[in-house]
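Written out below as structure tokens is the structure these notes cover.
Lettering of chains follows the sequences in order, A, B, ..., and the numbering in each one begins at 1. Note that the structure is predicted; figures quoted are calculated from it, not measured.
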Amino acid sequence: MEISKTYNPAEVEDKWYAYWMAHDFFKSVPDEREPYTIVIPPPNVTGVLHMGHMLNNTIQDVLIRRARMLGKNACWVPGTDHASIATEAKVVAMLRERGIKKSDLSREEFLKYAWEWKEKYGGIILEQLKKLGASCDWSRTRFTMDAGYYDDVINVFIDLYNKGLIYRGKRMVNWDVVARTAVSDEEVIFKDTRSRMVYVKYLVDNGQLTIDNEKGQGTGDKGITQSKNYIVVATVRPETIMGDVAVAVHPDDERYKHLHGKNVIVPLVNRAVPVITDEAIDKEFGTGCLKVTPAHDTVDYEIGLRHGLPVIDTLNEDGTISEAGKVFVGMDRFAARKQAIKKLEEDGLIEKMEDYSHQVGHSERTDAVIEPRLSMQWFLKMRDLSKPALDAVVSGEVKLIPNKFINTYKYWIENVRDWCLSRQLWWGQQIPAWYDGEGNFVVAKTREAAFEKLRMQNAECRIENIKQDEDVLDTWASSWLWPISVFDGFAKPDGDIKYYYPTSDLITAPEILFFWVARMIIAGYAYKKEKPFTNVYLTGIVRDKQGRKMSKQLGNSPEPLELISKYSADGVRVGMLLCSPAGNDLLFDESYCEQGRNFANKVWNAFRLVKGWTHHPQPLSKGEGSRTDVTPEKNQVAIDWFSSKLSSEIENINDLYSKYRISEALMATYKLVWDDFCAWYLEMVKPDFVDGQPLPVDSYTYNSTIEFFEDILKLLHPFMPFITEELWHLIRERDEKDCVINAEWPEALPSDKNIIEQFELFKEVVTNIRNIRQQKNISPKTPMKLALVKNKEPLPEWFPRLLVKLCNVPILIFGNTYPGNVLPFIVRQYEFHVSLDTTLDIAAEKARLMLELEYNKGFLESVQKKLSNERFVQNAKPEVVEIEKKKQSDAEAKIKAIEEQLGSL
RNA sequence: GGGAGCAUAGCUCAGCUGGUUCAGAGCAUCUGCCUUACAAGCAGAGGGUCACAGGUUCGAACCCUGUUGCUCCCACCA
């Protein structure tokens, strides 16, 4: 059978994914085993796979596959999030392309389009995950707007309302003028923005008064005191001037004391407003005067409340100036800003303008500049509800990995503010509040239930006149129930949830620590009296090589599916993990995927080698036949060594997994396979050729090698599920259900430290000899002769025959050297000579030895210095002193040997 | 403005309670090899004042202080 020289992943991947599915290997049903559960962070239903998903889901799949192999009942629940704002925006855009305006549609019509969209595009991202190899239990796929899920969200809302934790009120909220909805504090991104600070004159109402506005009155550099009948207010939002209802100064500000209680004229609209005093004013900022616009600024709103000021809302929900603004009505806020400046200039009311850089809130979804806006919304009181979620993380009941996020988390919870739950959108769970049109409202699940309640407040109320709240809930008010709802935890508290909850690990991005993780923990304690998961693994952000976040706009993100077709799913998975240290951002580069692909190919070729062996069905006894150069005795060392090495590495790998150092676990596996297994083990046991034919391999060696290979496939499987499954079936005849996906994770047997140590010595000798070949330009095919000249302890008896195998150099002489030219080298306390046919460059050799001598003398000196330091000998631990003493004697021996060599030259 | 974290080879990172081989890995680089598993490979080599400056200690990449540079989080300074 001819096996391709390179691994061809395309058909292999589809074949095995279908095979796993057909055999229900991803499916989990509760049983007597220990559960291992992951709920996927549900991607937006409109989403397409990006590199962040690739990383996140690769890690989840690695963990779930390993758990499955460890004999746990592994359950990975997939699904999607309805993502109200994002999806609604996409549907609106799609309708606009078709010439349909959202405003022309009824709610029902719009939702019909939205659901059509969801049915058509909603599954794309999940299909893409399958290409990556994600072993989710697809039969459990959930969507946050599924009927049952929808009910859970509504029921929780009603419950929280009944407990007095949800209230409705007119508050200052973050308003997204593009999406025309309120958004939560977490959805506001502050960005450094350059604006113009405009210094606007507000004339004092009483023409008699003169005010001095200059700092350092009369003594400043200008030397001139100007008297003015105005005060100057600094603002970056002159378009809000029409909403001004006062000018505030600090009560202690000497500059303005004479104005307390006076009126000033608001420009543009010529309204007289009082000068008030408030502690909240920063005397140092701007001119120390604040224009008070309660409708459009949080601070101003609070000042307004304290002083009983009116609220003039000059903005429409789409960000245009409202009727109440009186001027620039209907104009967009930014156009109005320009116009206001122009008008103020014309009126001579601008003192000066400055460039000003500050943080401005933008909508996470639409990137529109957020307007603080007063509006009627629903809020959830967070303080008491979040208390258990704080304790859980602080006590370590829920672990954050890496734990540097604990501080951030703590700070957020401790300072959490009430959560604005309502969104002025249609796509989402509609708020179950009902109004009778006369100022009464109730919260109830159905119209009928609402009617019953409303009748208590308003006997006249008629069922056909009551109206449900138009708003929907924030998306996160549904996804915070994800770990409970995906198991029908509300509807069937004694069902699957009992088995799977709390889930094991949550793998997600730190960006949504507050949005989602914190709130899931809150909901978990509120509704299950228990944490939703034990470990939260926070992945880094995928960036490009220049450290920029990958984004569509920058166009710096590779297309994941193209990467997969180029480098194979296994290659890309390995590539993602190679560059993702735990908890740090990763600078992604395609070359990592190339490395992953090359690694897959290496494994493939190791298989080709083993597959090409012919082997005797029975172990051969010694001396049987002439072609039995390869005997079990000869390979015993290699087998013993690798067996020990394998076990100690399994231990190491398990330890790394337990610390969630996935990238390092991969690297340890990589080196075990590439270096230990391929470069050393296989090189030692592979058969020699006689007459162009490889000698048969004895069955003991053959079977051992196959078993090692199988263990290696198991260790590789979480990282490279496809190639390992393919090889699992090629390497041995299997039953239909015998797959690596459900094979048992290899056990670390007791390993022989001694043989591992001996082998390290062996490797050093081999490297030295190969180095000499390289230096002297001697082909590996040319046999060389080696002498062991000096040794304190005997070499393991197997050295000579394995040296022949690996570097074509037998040790022929012990305790003596060769006549003629020899090249010496020292490994630990052993001195070797290689016999050379070529003449030796004495001068060069002397120079080399002198260098080595000098170096060792310096080293010895530093060790002696340490040992002659009394305080070191007294204070250091005895074993440390012992080590230093050993270093001293080794160095002395080495120096002596070098000197002897120099003498003999 | 407040807080957190980071700074180790050209790149990405390890380095766990200060003390094993005068600082490790992978990739990249350089040199020699198409050696019948693999050139997506083999063999070998080079490469670091552990950001900077002080301090503690017999001993510091590691602990302390300061400086510089980067990143992230939080925050209503108009």
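- Residue A:W613 is out of contact with every strand shown, counting any heavy-atom pair closer than 4.0 Å.
- Mapping A:I541 and A:W680 onto RNA chain B by nearest heavy atom places A:W680 closer to the 5' end of the strand.
- Distance A:M576 CE to B:U12 P: 16 Å, rounded to the nearest Å.
- Using a 4.0 Å heavy-atom criterion, one finds that A:Y356 contacts the sugar-phosphate atoms exclusively.
- With both ends at atom C1', the span from B:G24 to B:C50 equals 12 Å, rounded to whole Å.
- Taking the charged nitrogens against the carboxylate oxygens, A:K805 and A:D688 do have a contact shorter than 4.0 Å, which makes a salt bridge.
- On the P atoms, B:G46 is 43 Å away from B:C73, given to the nearest whole Å.
- With rounding to whole Å, A:D253 atom CG is found 18 Å from B:A78 atom P.
- In this structure, the nucleotide among B:C72, B:A43, B:C77 sitting nearest to the side chain of A:R543 is B:C72.
- Of all nucleotides listed (B:G5, B:C27, B:U12), B:C27 comes nearest to the side chain of A:Y670.
- The nearest whole Å value for the distance from the CG atom in A:L656 to the P atom in B:C13 is 18 Å.
- Using a 30° and 60° split on the angle between ring planes, A:F285 and A:Y356 fall in the perpendicular class, above 60°.
- A:L538 has its CG atom 15 Å from the C1' atom of B:A4, to the nearest Å.
- Taking only side-chain nitrogens and oxygens, A:R773 never comes nearer than 4.0 Å to OP1 or OP2 of B:U35.
- B:C33 is paired with B:G41 under the criterion used here, namely a Watson-Crick or G-U wobble arrangement in which both key atom distances are under 3.5 Å.
- To the nearest whole angstrom, the two C1' atoms, one in B:G19 and one in B:A61, are 13 Å apart.
- Taking only side-chain nitrogens and oxygens, A:H358 comes nearer than 4.0 Å to OP1 or OP2 of B:A78.
- Across the strands present, B:C72 finds its partner in B:G3; the criterion is a Watson-Crick or G-U wobble pair with both atom distances under 3.5 angstrom.
- Nearest to the side-chain atoms of A:Q595 among the listed nucleotides B:C27, B:A43, B:C73 stands B:C27.
- Within 6.0 Å of atom CZ in A:R306, more than 12 heavy atoms from other residues, nucleotides or ligands are found, so the atom counts as buried in its surroundings.
- With respect to A:D253 and A:K283, no salt bridge is recorded, no charged nitrogen being found less than 4.0 Å from a carboxylate O.
- B:G46: no Watson-Crick or G-U partner with both key distances under 3.5 Å is found in any strand.
- For the pair A:K671 NZ and B:A14 P, the computed distance is 14 Å after rounding to whole Å.
- For A:L609, taking side-chain heavy atoms from C-beta onward, the closest of the listed nucleotides B:A78, B:A25, B:A37 is B:A37.
- Atom-to-atom, CG of A:D185 to P of B:C74 comes out at 11 Å; the value is rounded to the nearest Å.
- Nearest-nucleotide positions on RNA chain B place A:P780 closer to the 5' end than the other of A:P780 and A:Y7.
- A:H296 and A:T314 are linked by a side-chain donor-acceptor pair at a separation below 3.5 angstrom, with hydrogens and angles left out of the test.
- Counting non-hydrogen atoms under 4.0 angstrom, A:K291 reaches nothing in the nucleic acid.
- For the OP1/OP2 pair of B:A43 and a distance below 4.0 Å, the side-chain nitrogens and oxygens of A:T767 include no atom meeting the criterion.
- If you check every strand for non-hydrogen atoms under 4.0 Å, A:N771 touches sugar and phosphate atoms only.
- Using a 4.0 Å cut-off between charged nitrogen and carboxylate oxygen, A:E757 and A:R828 count as a salt-bridge pair.
- Which of B:G26, B:A78, B:C38 sits closest to the side chain of A:N605 comes down to B:C38.
- Within the 4.0 angstrom heavy-atom criterion, only backbone atoms of the sugar-phosphate kind lie near A:L587; the bases stay farther away.
- An OP1 or OP2 oxygen of B:C42 is reached within less than 4.0 angstrom by a side-chain nitrogen or oxygen of A:W674.
- Counting distance only, with no hydrogens placed and no angle test, the side-chain atoms of A:E683 and the base atoms of B:A37 include a donor-acceptor pair under 3.5 Å.
- Here A:R608 does not reach the OP1 or OP2 of B:G41: none of its side-chain N or O atoms lies under 4.0 Å away.
- No salt bridge links A:K659 with A:E664; every basic N to acidic carboxylate O contact stays at or beyond 4.0 Å.
- Of all nucleotides listed (B:C58, B:G5, B:C77), B:G5 comes nearest to the side chain of A:K404.
- For A:F872, the listed nucleotide lying nearest its side chain is B:C58; candidates were B:C58, B:C76, B:G32.
- For A:K5 and B:C38, a side-chain-to-base donor-acceptor distance below 3.5 Å is absent, hydrogens and geometry of angles not being considered.
- Across the strands present, B:C16 finds no partner; the criterion is a Watson-Crick or G-U wobble pair with both atom distances under 3.5 angstrom.
- Counting atom types as modelled, A:R597 pairs a side-chain N or O with a base atom of B:A40 as donor and acceptor under 3.5 Å.
- Residue A:K686 places at least one side-chain N or O closer than 4.0 Å to OP1 or OP2 of B:A37.
- Within 4.0 Å (heavy atoms only), A:S591 reaches no atom of the nucleic acid at all.
- Across all strands shown, A:F588 has no heavy atoms under 4.0 Å from either base or sugar-phosphate atoms.
- B:U67 is paired with B:A51 under the Watson-Crick or G-U wobble criterion, all donor-acceptor distances under 3.5 Å.
- When distances are taken from the side chain of A:M667 to each of B:G44, B:G26, B:C42, the shortest belongs to B:G26.
- Here B:U12 presents its C1' atom at 16 Å from CZ of A:R661, a figure rounded to the nearest Å.
- Nucleic acid contact for A:Q359: base, since at least one base atom lies under 4.0 Å from a heavy atom of the residue.
- Contact annotation for A:F689: base contact, defined as any heavy-atom pair under 4.0 Å involving a base atom.
- For A:N598 and B:G41, the shortest distance from a side-chain N or O to OP1 or OP2 is below 4.0 Å.
- Comparing the C1' positions of B:G5 and B:G59 gives a spacing of 29 Å, expressed to the nearest Å.
- At whole-Å resolution of the value, CG in A:D300 and P in B:C77 are 13 Å apart.
- Pairing for B:A61 is absent, with no Watson-Crick or G-U wobble pair whose two atom distances lie under 3.5 Å.
- Among the nucleotides B:U31, B:A78, B:A75, the one closest to any side-chain atom of A:R417 is B:A75.
- When the C1' atom is compared between B:U56 and B:C70, the two are found 29 Å apart, to the nearest whole Å.
- Using a 4.0 Å heavy-atom cutoff across all strands shown, A:Y592 reaches sugar-phosphate atoms only and no base atom.
- The backbone N or O of A:I653 sits nowhere less than 3.5 Å from a side-chain atom of A:R661 that would complete a donor-acceptor pair.
- B:A9: no Watson-Crick or G-U partner with both key distances under 3.5 Å is found in any strand.
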(message) Run the salt bridge (Lys or Arg N to Asp or Glu O under 4.0 Å) test on A:R237 and A:D297 for me, step by step, so that the C-alpha distance in whole Å, both residues' side-chain angles and the decisive distance to 0.1 Å come before the verdict.
(response) CA-CA 10 Å; A:R237 296 195 299 160; A:D297 189 282; 3.7 Å; yes
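- Listed nucleotides B:A78, B:A37, B:A25 differ in distance to A:C678; the shortest reach to its side chain belongs to B:A37.
- Residue A:F677 forms a ring pair (Phe, Tyr, Trp, His ring centres under 6.0 Å) with just one option from A:Y670, A:F708, A:F709, A:F607, and that option is A:F709.
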